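In what follows, a single structure is set out as structure tokens and then discussed.
Quick note: numbers below take in every heavy atom, side chains included, and nothing from hydrogens, waters or symmetry partners. Order of the sequence lines fixes the chain letters, A, B, ..., with proteins taken first and strands second; residue numbering starts at 1 for each chain. Since we're looking at a predicted model, the values are computed, not measured.
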Protein chains: 2
Amino acid sequence: MRPLFHPAIEDLKPEAILYALSDPERVAIFAQIAGVGSSGTCTALANLGGRVIPKSSLSQHMKVLREAGLIRGERHGVEMRNHSRCQEVDQRFPGLIAAILSAYGRRPEETNAG
Amino acid sequence: MRPLFHPAIEDLKPEAILYALSDPERVAIFAQIAGVGSSGTCTALANLGGRVIPKSSLSQHMKVLREAGLIRGERHGVEMRNHSRCQEVDQRFPGLIAAILSAYGRRPEETNAG
DNA sequence: TTCCGTAGTTCAGAAATTCGGAACTGTTGA
DNA sequence: TCAACAGTTCCGAATTTCTGAACTACGGAA
């Protein structure tokens with residue numbers, strides 16, 4: 001398993017962020033991670049929207065979010081804890097995440113994106 | 001040629017908008033249309049970013065933007081005039097387009113999206 | 001009318017991407 | 001050492017994207 005890649009703030013690309021958040025399933029995952037009280041492990045994220053996401057697909061989704069710079073993943077023992085990088089992204093692209101989550105009806109004020 | 005489809009405001013989907021604007025080439029096209037002084041015809045949009053976009057590809061890009069609800073196309077004789085639906089989209093998803101164009105460094109204040 | 005040029009769409013095959021089950025890696029605890 | 005667990009990687013199938021070629025539609029000239 002190769003180490004996780006996380007882009008630096010100055011390397012964030014709007015197209016990667018928009019692409020990552022153009023999939024409602026990934027938005028649900030991201031909103032859960034960005035919201036309060038999520039453990040952020042893959043297992044906890046596997047059935048958010050009524051269907052169980054296959055774990056290979058989930059792993060790909062996490063990779064897309066991670067490489068867009070939206071989340072940061074840290075291995076803790078056997079599991080991975082993910083947390084959002086909203087504040088960093090918001091510094092680079094002010095208002096972007098808040099506007100996107102709001103468009104999806106996701107109450108950005110409960111995250112740290114507003 | 002089948003008639004052009006334009007979604008009603010209430011049918012706009014954030015995922016379609018984000019997907020449409022997750023391609024820098026489409027963003028350039030959209031920014032040009034949303035900006036001042038563009039005729040908005042395909043011919044006028046074919047070489048914005050240093051390369052000439054093949055016209056079949058351009059036609060697909062226009063379709064993606066149109067069906068996301070970002071632009072409206074009207075046939076005028078032999079050509080098609082495209083103009084942005086920024087104001088409508090902004091009513092439905094306030095601040096979204098402005099934040100996206102700003103993230104791309106596209107000065108939304110010159111469009112009617114701010 | 002018929003023909004021609006222009007603007008853009010549709011078609012179709014190649015290339016690239018996405019999806020998801022199976023196999024795998026790495027960690028913890030018995 | 002072994003088993004269970006969390007997540008990743010592999011790989012084939014399905015879907016999507018790209019673009020040249022063919023096509024449609026309109027307007028103007030003869």
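Remark: side-chain polar atoms of Asn82(A) are paired, donor with acceptor, to backbone N or O of Gly40(A) under 3.5 angstrom. Arg92(A) places a side-chain N or O within 3.5 Å of a backbone atom of Glu10(A) that can act as its donor or acceptor partner.
Regarding Glu74(A), its CD atom lies at a distance of 14 Å from the P atom of dT8(D), rounded to whole Å. Here the C1' atom of nucleotide dT9(D) and the NZ atom of Lys63(A) are 9 Å apart, to the nearest Å. Here dG8(C) presents its P atom at 11 Å from CD1 of Ile71(B), a figure rounded to the nearest Å. As rounded to whole Å, 7 Å separates atom C1' of dT17(C) from atom OH of Tyr19(A). Atom CE of Met80(A) is separated from atom P of dA6(D) by 13 Å (rounded to the nearest Å). Rounded to whole Å, the distance from CD on Glu79(A) to P on dT28(C) is 11 Å. Separating the CG atom of Leu4(B) from the C1' atom of dT10(C) is a distance of 13 Å, rounded to the nearest angstrom. Atom pair Glu25(A):CD and dC19(C):P shows a separation of 8 Å (rounding to whole Å applied).
Which of dT9(D), dT19(D), dG7(D) sits closest to the side chain of Pro54(B) comes down to dT19(D). Closest contact between the side chain of Ser59(B) and the listed nucleotides dT19(D), dT9(C), dG8(C) involves dT9(C). Counting only heavy atoms from C-beta on, Val78(B) has its side chain closest to dA25(D) among dG8(C), dA25(D), dG7(D).
Considering only heavy atoms from C-beta on, Glu79(A) stays 4.5 Å or farther from Thr43(A) through its side chain. A 4.5 Å side-chain heavy-atom check between Ser102(A) and Tyr104(A) finds every atom pair outside the cut-off. Side chains of His61(A) and Glu25(A) form a contact here, defined as non-hydrogen atoms less than 4.5 Å apart.
Among the heavy atoms of the strands, none lies under 4.0 Å from Arg26(A). Among the protein residues, Ser57(A) comes within range of the nucleic acid bases, having at least one heavy atom under 4.0 Å from a base atom. Using a 4.0 Å heavy-atom distance criterion, Arg66(B) is classed as a sugar-phosphate-only contact.
Between Thr43(A) and dG7(D) there is a side-chain polar atom (N or O) within less than 4.0 angstrom of OP1 or OP2. Distances shorter than 4.0 Å separate none of the side-chain N or O atoms of Arg81(B) from OP1 or OP2 on dG8(C). One finds a side-chain N or O of Arg51(B) lying less than 4.0 angstrom from the OP1 or OP2 phosphate oxygen of dT19(D).
A residue-by-residue look at Gly77(A) and His61(A) shows that His61(A) has its nearest nucleotide of DNA chain C further toward the 5' end. Taking for each of Lys55(A) and Gln60(A) the nucleotide of DNA chain C with the nearest heavy atom, the 5'-most of the two is the partner of Gln60(A).
Checked by distance alone, Ser56(A) brings a side-chain donor or acceptor within 3.5 Å of a matching partner on the base of dG21(C).
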